[in-house]
4 protein chains.
Amino acid sequence: MPYNDKQLHILQTAEKLFAIRGYDGTSVRDIADKAGVNLAMISYYFGSKLKLMEALFEQRSLHIKMRVKDLLHDSRTLPIQKMEMLVDEYIDRIVEKQQFFKIMICEQVINKNPVIISLINELKLKNAEAITMIIKEGQKQGSFKKNIDVVLLMSTLVGTASQVMISLKYYREFNKLESITNKEFISLVTLKLRKHLKTIFKAFLLNE
Amino acid sequence: MPYNDKQLHILQTAEKLFAIRGYDGTSVRDIADKAGVNLAMISYYFGSKLKLMEALFEQRSLHIKMRVKDLLHDSRTLPIQKMEMLVDEYIDRIVEKQQFFKIMICEQVINKNPVIISLINELKLKNAEAITMIIKEGQKQGSFKKNIDVVLLMSTLVGTASQVMISLKYYREFNKLESITNKEFISLVTLKLRKHLKTIFKAFLLNE
Amino acid sequence: MPYNDKQLHILQTAEKLFAIRGYDGTSVRDIADKAGVNLAMISYYFGSKLKLMEALFEQRSLHIKMRVKDLLHDSRTLPIQKMEMLVDEYIDRIVEKQQFFKIMICEQVINKNPVIISLINELKLKNAEAITMIIKEGQKQGSFKKNIDVVLLMSTLVGTASQVMISLKYYREFNKLESITNKEFISLVTLKLRKHLKTIFKAFLLNE
Amino acid sequence: MPYNDKQLHILQTAEKLFAIRGYDGTSVRDIADKAGVNLAMISYYFGSKLKLMEALFEQRSLHIKMRVKDLLHDSRTLPIQKMEMLVDEYIDRIVEKQQFFKIMICEQVINKNPVIISLINELKLKNAEAITMIIKEGQKQGSFKKNIDVVLLMSTLVGTASQVMISLKYYREFNKLESITNKEFISLVTLKLRKHLKTIFKAFLLNE
DNA sequence: AATGAATGAGAGTTCATTCAT
DNA sequence: TATGAATGAACTCTCATTCAT
């Protein structure tokens, strides 16, 4: 679990390759070559290709949970403000961890590895719980609607962001933004996404 | 292009398998076995595994374009109603052609095959154009906001629906809907999605 | 089951190599190289290395059963004569199918593959049954002893012959028989073994 | 040669594994794991897997030679009695050192390692010499036959015992002896083997 | 037009061994 | 003296594709 530098480097390389070629489209040899390590090293460290993938998931899952603890006990912030903060933060994380999100999407589609699926579901559940608590707070205060479908709300958040992430190139071309740098483009998209989804959340959550 | 029955059967089988195992996770042998045809027949009919995939895309792309022609010249329907009709119809199509949408998602993530990517982009462009025309109509009439990001709007539509499609099992468990039949469940989800996305679209498009 | 010439050739080559290097000491590549066939051919024809081994066993098992049917209904031959004929014939077969017997010995020692072990046990059982029937006939006639341990008797036959087979070189050197040809040497050993084991059988079976 | 406790433990573990999985079927890692020692330690202590095997053979060979010295100068015991004592003792040793005998059998079959083969042959030669001396004594006294094939006699002894050892399970099932304990079963088999082979030896050695 | 047979290339994994410490 | 880390080589098996028929 506490991986050394070499192991972390392998994990990072694997993440990159899995994200752009898919799990089945990436060979252990590819990873070894790109990471500059011996082929046998990967089995030596992780046991197998599958275990490597699982290790990657366990490692990354930790970093993409919504952090909601501090928010909950903050009585000076309105529920809708809390929700907006959460949306902003989560979108940042999706943008930052694009590669891992891409892997997650494909793994959900293919739905082959139960270990990974359960890790994903656990993650979703945690996030849904976090959101639910804020929603309940908002409903108690009377500012939020009743009968909110949490999963649908989360799906809009994750789905929209994911869709944008996998269509970045198309988005750029469509809006004729080839002239700005990649970094600027990512910033722009992030801001747009944040605003877009916060608008949606507000429309979806608030009364009137 | 005018495929015979056997070819269509192979395409259909390939679609199924690509959707649940991914392109690289499906072997030509798998397809041949499941379709009950000779292994060599696939190369013989389609040239290669890659060409089979491309053939599948070309074939299916035709069926999932938004049909907007009739709507456009209908002056008795309000732009927002047209948009709602479009959303309903497209969601139905995503639900109906789940498998193909799953393949599309993975192919966009993996982004390996330029032929397929350009087919997808072409499709997106067509859909964006359709949407744009209705938006312009709405803006002209004054009921729609200005500065609407079409790609973001489409991403919300496709992304949310896709996300729900790949999380059906999770959605069902989360909402404790294991008792109803699968068909009923799909109907329920479709209705929910329709309502959800129409709400979002209205919030996003309409002034005030 | 009805193997073609190529398959039979592979089986024969595998038998040779398994006999002199052992199963684990022989690689599929070795077999392919020595048989002059493509490496993938072996998996193609037999499925796997293990299945190849099992196929070999099933094929060869057929050829090394004791043939006792005709003997049983022959009332003009004495039981002890029948037994002698059986011993002669079985020793011939052990000598002739040396390689396969060597594989059998190692497989019994290693005792890893249950399929093969059960094939061997089945073979032993068949042989024990054949022997038992003749023994019963001899006991009925009063010429054979009572309380004969069939397994011990068979173990002496098979064990002695096997031991000689795996020590042929030592046997030759010990008896300074390097001058005669290999064929002559084998004939000599066969005759010696026949006589030796028939003597033992007589001493073991006959009263007084 | 004077191995320390750890080395002896490794040798013992190796013997066990080589006996049940064969030399090629046992990995150095298997031995290290089962012995609870570091993997590199085996190469460090013994040089290589092959050298480990040879060390095992040299070590064990010492313990399985026939002990005949005291017998030879005992003039009060008849040659046939001496032979019977030898048979009893050797069978005990085969039963006791089953594992090593199994390894010996496979090594003879596979016949790959000349060092081991020569160790085995040396051992056989020593045993043959011991037997020969007693036979000569019996022939001198007139009680033994002339023209006795020592190797054939030894092959019957070793072969029969080995065959029984590698078929213990079959033997037990055939004779329906599953109810008694394993220890009792081994005792029973040992006694049977002793009696059986002494009978054979007498029939083979004595005049009339 | 259709297919059984065949194959080179590459997949993931394990191997015995070595080396720096 | 003893060992964790590392590795080149080899393993079995599957892959997409081709070719003779």
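The chains referred to below are lettered A, B, ... by the order of the sequence lines, with proteins before strands, and numbering in each begins at 1. Here the structure is a predicted model, which is why all the values come from computation and not from measurement.
Every residue two or more places apart in sequence or in another chain that forms a ring-ring contact (aromatic ring centres under 6.0 Å, His included) with C:Phe46 is listed here: C:Tyr3. B:Ser43 meets the side chain to side chain contact (heavy atoms under 4.5 Å, CB included) test with no other residue; sequence neighbours excluded. Every residue meeting the side chain to side chain contact (heavy atoms under 4.5 Å, CB included) condition with C:Glu122, not counting sequence neighbours, appears here in chain and number order: C:Leu119, C:Lys126.
Scanning residues 15-28 of chain B for heavy-atom distances under 4.0 Å to DNA chain F yields B:Thr26, B:Ser27, B:Val28. Within residues 104-116 of chain B, no residue has any heavy atom under 4.0 Å from DNA chain F. Looking at residues 36-43 of chain C, you'll see C:Leu39, C:Ala40, C:Ser43 sit with a heavy atom under 4.0 Å from some atom of DNA chain F.
Helical stems of DNA chain E (runs of at least 3 Watson-Crick or G-U pairs, donor-acceptor distances under 3.5 Å) are listed by first residue: E:2-21 with F:2-21.
Annotation: side chain of A:Leu56 is not in contact with side chain of A:Gln59 (no heavy-atom distance under 4.5 Å). Considering only heavy atoms from C-beta on, A:Val115 stays 4.5 Å or farther from A:Leu50 through its side chain. Taking the side chain as every heavy atom from C-beta outward, A:Leu52 and A:Leu11 approach each other to under 4.5 Å.
Separating the CD1 atom of D:Ile10 from the P atom of F:dT3 is a distance of 10 Å, rounded to the nearest angstrom. Distance C:Lys6 NZ to F:dA20 P: 14 Å, rounded to the nearest Å. Distance OH (A:Tyr44) to P (F:dG4): 8 Å, rounded to an integer number of Å. As a whole-Å value, the separation of C:Asp33 CG from F:dA10 P is 12 Å. In this structure, the NZ atom of C:Lys49 is 15 Å from the P atom of F:dA10, given to the nearest Å. Distance, B:Tyr45 OH to E:dA1 P: 9 Å, rounded to whole Å. For the pair C:Leu50 CG and F:dC13 P, the computed distance is 8 Å after rounding to whole Å. Separating the CD atom of B:Gln7 from the P atom of E:dA1 is a distance of 11 Å, rounded to the nearest angstrom.
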Result block: side-chain N/O donor-acceptor pairs under 3.5 angstrom for residues 97-106 of chain B, not counting sequence neighbours:
{"from": "B:Gln98", "atom 1": "NE2", "to": "B:Val95", "atom 2": "O", "distance (Å)": "3.3"}

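B:Glu58 contributes no side-chain N or O that, together with a main-chain N or O of B:Ala55, makes up a donor-acceptor pair within less than 3.5 Å. A donor-acceptor contact shorter than 3.5 Å is absent between the side chain of A:Thr13 and the backbone of A:Ile31.
Sequence neighbours left out, the pairs with a member in residues 3-18 of chain C that pass salt bridge (charged side-chain N to carboxylate O under 4.0 Å, His left out) are C:Glu15-C:Arg60. A salt bridge (charged side-chain N to carboxylate O under 4.0 Å, His left out) check over residues 24-33 of chain D, counting only residues at least two apart or in different chains, returns the pairs D:Arg21-D:Asp30, D:Asp24-D:Lys112. Among residues at least two apart or in separate chains, there is no salt bridge (charged side-chain N to carboxylate O under 4.0 Å, His left out) pair with a member in residues 38-57 of chain D. Listed by first and then second residue, the ring-ring contact (aromatic ring centres under 6.0 Å, His included) pairs involving residues 16-45 of chain B are B:Phe18-B:Tyr23 (not counting sequence neighbours).
Considering CD1 of C:Ile117 and NZ of C:Lys124, their distance stands at 8.0 Å, rounded to 0.5 Å.
You won't find any donor-acceptor pair under 3.5 Å spanning the side chain of A:Arg29 and the base of E:dG10, going by distance alone.
Both A:Asn4 and B:Asp30 sit near DNA chain F, but only A:Asn4 has its closest nucleotide nearer the 5' end.
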